[in-house]
Amino acid sequence: MEPKETYSDDFRGHLSTVDEKGKRIWIYPKAVSGKFYKYRKIVSYVLLAFLFGMPHIYLHGEPFFLFDIIHRKFILFGQVFFPQDFHLFVFGMIAFILFIVLFTVVFGRVFCGWICPQTIFLEMVFRRIERWIEGDYIEQKKLHKANWNEENKLLKKVSKHIIFFGVSYVVANTFLAYIIGSKALFEIQTDNPLSHIGGLVAITLFSLAFYGVFAFFREQVCTNVCPYGRFQGVLLDSNTVVVAYDHKRGEPREKNVKERSSSAGSCIDCHQCVLVCPTGIDIRNGTQLECVNCTACIDACDDVMEKIHAPKGLIKYASEKQISNNEKFVFTNRMKAYTVVLCLIIVIFNVLMLLRGSIETTVLRARGQNFTIMEDGRISNLYKYKIINKSNDEMPIKLQLVNIKGQVEIIGVGDSIMLKPEQKLEGIMMIKIDSTQLSSRTNGIIINVMSGDHKLEEVSSVFMAPRHHKASDKK
Ligand code: SF4
Ligand code: SF4
């Protein structure tokens, strides 16, 4: 039998998960095993342990990670960030996006297959539970077609969905713990429900959303919703390393394993790579937007190659150019340059984080106020101050004039403040300066923010005085 060229452009015209009538085609991916799946399992369980464990780790009484969007407080690796650190946040976001773009241009969708929580939860948690209850893809299809009174269908489906909702509930609680902290979450769960209606509603909505995504919506998130997936078309090029079928070696396909013609390629058209694909595509059609680079087809095909005593790697991590030119993987100059840029971004971000002060002070002249001439001849100005302690330490704070002699009096407090960890203090302060030291109507002043003998920050402002001051003037 002659090998045949089975390539068809048909796949371009429709989605692999939608039929001609626009109805969803449910994907029943075959269970896979192999080298990559083993490594992915290890990576996934480490990441899951990290995800579930982190909200319970506290440093100096504060969570190690917190994304409290409600109170605009963020903690990363024990470092507290306030809205005032917005510039860092913006730089962090730009660095993150640049990192993802450069990383994707060079290494393709490694993130999707190995790190994305959607893939990890779906493939390593929910599908594994599903296979444990319903069996592998053939049993699952059979169960789907069976009547509700056959094959223990009702029991299997009900127990699967109860477990799915239970896992979704745990996932929802974990995500909520990242937003409000695990202690606050524990309080919501154990306290009188009537006192935490908002929190309980949030938990329920989060749980339903996760349950809906992992029980029903599934791969549609990756193929139709995720913006990162949509960007692949512009990010990938012929040099990008992706999960790819070696068409040079594989074509033309020939099913007959025993008597292969001399012109036959290595692909035996067994469809194992298609059966294991969680997005229902055929990688032999080339790189497609639906491919999340999960490596399942690599493992499936390697298994087939092993059985027919052919070299592994018919489907592998490779760029289109490598396959077309029959080249081995090389770390090209382009990849090196991108990697250097990636490292630079990470270094700059870390330097900015390290240089970030433990205190943030703002001193602004009180609106609508000019100056007051005091009875002893000194001139006073009113200011609004805001001091934020971004550290986890208690700090005694003093404000000192630097370029001019005078007194700083914090109204209602005196001349020194004790700032608690992460405390934000706002109020009014008065600066008094002897008129003899003031040369003009507008005088620039510099204030040092001190903690003991240690200068934490320097802020500047303006001090108003009469142009030609006489002690008898009243303002
Ligand atoms: S084509 Fe292969 S790597 Fe891509 S999603 Fe399907 S199984 Fe995963
Ligand atoms: S698993 Fe390998 S041999 Fe089988 S159809 Fe896919 S590419 Fe061809």
Side-chain angles (χ1 to χ4, degrees), residues 3-8 11-12 15-17 25 27-41 43-44 104 107-116 118-120 122-124 127 137 218-224 226 228-230 232-233 236 240-258 260 264-320 323:
K4 55 172 182 167
E5 289 283 358
T6 42
Y7 179 80
S8 146
F11 72 95
R12 294 189 196 280
L15 287 170
S16 55
T17 50
I25 300 171
I27 307 281
Y28 297 94
K30 185 183 173 193
V32 69
S33 60
K35 186 176 79 179
F36 283 101
Y37 188 68
K38 195 175 85 189
Y39 291 143
R40 275 178 64 217
K41 259 195 334 197
V43 172
S44 300
T104 309
F107 301 106
R109 293 175 79 169
V110 174
F111 172 83
C112 298
W114 293 77
I115 298 165
C116 175
Q118 165 72 17
T119 310
I120 291 179
L122 183 57
E123 300 305 322
M124 299 298 169
R127 278 206 213 279
Y137 72 119
R218 299 196 158 186
E219 76 289 337
Q220 300 296 312
V221 172
C222 312
T223 56
N224 292 322
C226 176
Y228 178 56
R230 304 291 86 207
Q232 299 307 307
L236 308 188
T240 308
V241 177
V242 289
V243 172
Y245 166 66
D246 187 345
H247 57 90
K248 284 238 162 177
R249 187 190 141 191
E251 301 296 316
R253 304 163 197 176
E254 188 179 273
K255 278 188 195 284
N256 193 337
V257 180
K258 285 186 185 143
R260 297 183 75 71
S266 296
C267 178
I268 59 166
D269 211 10
C270 63
H271 274 258
Q272 291 303 307
C273 51
V274 184
L275 285 175
V276 295
C277 181
T279 59
I281 59 167
D282 187 342
I283 191 67
R284 295 173 300 168
N285 290 327
T287 304
Q288 293 148 74
L289 280 184
E290 291 92 334
C291 176
V292 292
N293 276 226
C294 71
T295 70
C297 52
I298 301 184
D299 279 331
C301 189
D302 277 353
D303 190 38
V304 174
M305 292 296 116
E306 206 174 335
K307 281 180 187 146
I308 64 167
H309 307 293
K312 290 179 181 180
L314 180 56
I315 301 176
K316 58 188 173 184
Y317 272 121
S319 71
E320 196 188 306
I323 289 178

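In each ligand, atom 1 is the first atom listed, and ligand 1 is the first ligand listed. We count residues from 1, following the sequence as given. Values below: all heavy atoms of this structure, side chains included; hydrogens, waters and symmetry mates excluded.
- For Glu219, the side chain to side chain donor-acceptor pair (under 3.5 Å) test picks out Arg24, with sequence neighbours left out.
- Protein atoms of type N/O/S that fall under 2.8 Å from atom 4 (Fe) of ligand 1 number 1 in this view.
- The closest side-chain donor-acceptor pair between Tyr245 and Glu251 falls under 3.5 angstrom.
- Proximity of Phe36 to Lys41: side-chain heavy atoms (C-beta onward) are nowhere separated by under 4.5 Å.
- With sequence neighbours excluded, no residue forms a side chain to side chain donor-acceptor pair (under 3.5 Å) with Arg230.
- Between Asp269 and Arg284 there is a salt bridge, since at least one side-chain N of the basic residue sits less than 4.0 Å from a carboxylate O of the acidic one.
- In this structure, Met305 is part of the shell of residues with a heavy atom less than 4.0 angstrom from ligand 2.
- In this structure, Glu123 and Cys294 have side chains that are not in contact, with every pair of non-hydrogen atoms separated by 4.5 Å or more.
- For the residue pair Thr287 / Glu320, no side-chain donor-acceptor distance below 3.5 Å is found, with atom types taken as modelled.
- Put simply, the side chain of Arg109 does not reach to within 4.5 Å of the side chain of Cys291, judged on heavy atoms.
- A salt bridge links Lys316 with Asp246: at least one charged nitrogen is closer than 4.0 Å to a carboxylate oxygen.
- Around atom 4 (Fe) of ligand 2, protein atoms of type N, O or S found under 2.8 Å number 1.
- Within the 4.5 Å cutoff, side-chain heavy atoms of Leu314 are placed close to those of Arg249.
- Listed by number with element, the atoms of ligand 2 under 4.0 Å from a non-hydrogen atom of Arg284 are 5 (S), 7 (S).
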